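First up is the structure itself, then whatever we jot down about it.
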Amino acid sequence: MSELPIIWSPQERQRCFQERDEYEVLYGGAAGGGKSDALLTEALRQVHIPHYRAILLRKTYPQLAELIDRSRAIYPAAFPQARYNKTEKIWTFPSGAQVAFGAMQHPDDRFQYQGRRFDFIGFDELTHFTWEEYSYLFSRNRPGGPGTRVYIRATANPGGIGHGWVKARFITAAPPMTPIVETLEIDTPDGPKKVERSRLFVPATVFDNPALLEHDPDYLASLAMLPEAERRSLLYGCWDAFDGQVFREWRNDPSHYEDGLWTHVIAPFRIPRHWRVWRGFDFGYARPFSVGWYAADETGKLYRIREYYGCTGKPNQGVQLDAVSIAAEIRRIEAEDPNLRGRDIIGVADPSIFDESRGASIANLMAQHPNYVLWHKGDNHRLPGKMQLHYRLSFDGEGECRFQVFDTCRHFIRTIPALCYDAKNVEDVDTTQEDHIYDECRYVLMDLPVSPRPRPEPVPRGDDPLNQRTGLSF
């Protein structure tokens, strides 16, 4: 009896990804790691079971084209009787099992999967999805009959609208290849019950794909030629720099905590009594609210010294706390924190909290006795505020910047580096992200604006041959 031909065989890192038994596994982190093949073939694991259903997702239908094309090379070769329905974008296998392809271009598109069930769900380029889109599919991940394994797999490169939550959930939550076990408590008719879910990150780069390097030896050079941020993310899988990142000036190097140079994150210290202190505020109810305290030294350099962030722990999900309760907690913090106690604090907030069109404004509610938290209207011009943060984050030739953050402000450190540009309004931050701390910070920065530093390097002259010949700059 002749042996069956091998249609596809996993490389070492792909095998590592496919052998994991955690409920969620993220694979990749860099370009060229063989992510799509690993995901496509993983979806085939249970196609011998008639009631098995799988779905592979990209953000948009046009992005699915490459994934579908690759499936046309693998699936019929492995299962000659498999049939693809181009209209429905579904492969049907001899047993009756199905692997579908889908998209969620807009947030409400996730509801098109309501009422459906999938034993296996695979997300290709997970950072293109929001947390709401990803987590909603948990409810669709259930068996259609006995004998199937129910789980989720994903691939990703750094960058994109979901960079922040993906990084927090898989990358910074634990070292690579370290299972993260989350214990959840739910109420049942028989009383509270604890359940566990596990997840894991399997890193992969082009160096884990020797087949690609052998087939296309120039691909490595193509990645090496990318601009610095893209090269760091796509070649080495760095999650601190990526294409589309707004604040590329950001640096967080613990080795420089003591000297405070070439880093934006520093250890807390006692603020001198003569320094001025600001309090910024961006209100949210269903979404997080943000309160941040900032101290300015004699030169005007700002330090973010404390934060109070109204988040449930789920990405971009607010705690639904009313304005009076927020004000009470602000007063408690300012009465107890040694850096804030007894100071005259300048409060600056989103102008929308002064809106009285539907009754008492949030600002008026927070100003009532006994809390008495006062604000003035912040300057909400978005692009000037964004530029102020660029100006302050930039370093001079000696490694000095004009804005630093205490390492206790973990939500600032988590959200600001993850902000991406808006695909349509390309000069501004994408406001669908977790940008509440950023907004609150802008109001404070616009209260104490600075000018840009002189550029330490020559301004590029461009490609005009006249400029090249004469040295003139137009």
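Just so we're clear, the structure is a prediction, and the values are computed from it rather than from any experiment. In what follows, residues are counted from 1 in the order of the sequence shown.
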Pair K167 + D240, salt bridge at N-O below 4.0 Å:
yes
Please test E400 against R392 for salt bridge (charged side-chain N to carboxylate O under 4.0 Å, His left out), starting from the C-alpha separation and ending with a verdict.
CA-CA 10 Å; E400 294 278 3; R392 286 189 171 275; over 6 Å; no
Which label fits F412 and W250: parallel for a plane angle under 30°, tilted from 30 to 60°, or perpendicular past 60°?
tilted
In plain terms, say whether E298 and R276 are close enough for a salt bridge, that is, a side-chain N and a carboxylate O under 4.0 Å apart.
no
W375 and F281 aromatic ring geometry - parallel, tilted or perpendicular at 30°/60° bounds:
parallel
With side chains defined as the heavy atoms from C-beta onward, is the minimum distance between F289 and I437 less than 4.5 Å?
no
Check R199 with E182, please: is the shortest side-chain N to carboxylate O separation under 4.0 Å?
yes
So, D439 and R382, do they make that salt bridge, N to O below 4.0 Å?
yes
For a side chain to side chain donor-acceptor pair (under 3.5 Å) check, start with the C-alpha distance between D355 and S361, then their side-chain angles and the critical distance, and finish with the verdict.
CA-CA 5 Å; D355 180 15; S361 70; over 6 Å; no
Worked check of side chain to side chain donor-acceptor pair (under 3.5 Å) between Q14 and D37
CA-CA 9 Å; Q14 292 170 324; D37 271 16; 5.2 Å; no
Are the ring centres of Y113 and Y136 closer than 6.0 Å?
no
Check ion pair K386-D428 (N to O, under 4.0 angstrom)
no
Mark yes or no: R153 above the aromatic ring of Y151, with NZ or CZ under 6.0 Å from the six-membered ring centre and no more than 45 degrees from the axis.
no
Could you tell me whether R414 and E434 have a side-chain N and a carboxylate O separated by less than 4.0 Å?
yes
Should the pair W131 and F138 be assigned to parallel (<30°), tilted (30 to 60°) or perpendicular (>60°) ring geometry?
perpendicular
Side-chain touch L419/Q245, heavy atoms, less than 4.5 angstrom:
no
Answer yes when R279 and E334 have at least one side-chain N-carboxylate O distance shorter than 4.0 Å, and no when they do not.
yes
Can you check whether H390 and F247 have ring centres sitting under 6.0 Å from each other?
yes
Steps toward salt bridge (charged side-chain N to carboxylate O under 4.0 Å, His left out) verdict (E66, K35):
CA-CA 13 Å; E66 185 175 354; K35 300 186 296 297; over 6 Å; no
Salt bridge check: are R332 and E329 linked by an N-O gap of less than 4.0 Å?
yes
Using a 4.5 Å cut-off on heavy atoms from C-beta on, say whether the side chain of Y27 contacts that of P203.
no
Pair Y303 and Y294, ring centroids less than 6.0 Å apart
no
Heavy atoms, side chains only, cut-off 4.5 Å: are R169 and F201 in contact?
no
Flag, side chain of Q404 to backbone of L302, donor-acceptor distance under 3.5 Å:
no
Any V426 side-chain heavy atom under 4.5 Å of Y421 side chain:
no
Taking the six-membered ring for Trp and the single ring otherwise, decide whether the centroids of W293 and Y308 are under 6.0 Å apart.
no
Decide, yes or no, whether a salt bridge links K59 with E133 under the criterion of side-chain N to carboxylate O below 4.0 Å.
yes
E249/R453 ion pair, N-O < 4.0 Å
no
For Y134 and F170, take the angle between the two ring planes, folded into 0 to 90°, and tell me which bin it lands in: parallel under 30, tilted 30 to 60, perpendicular over 60.
perpendicular
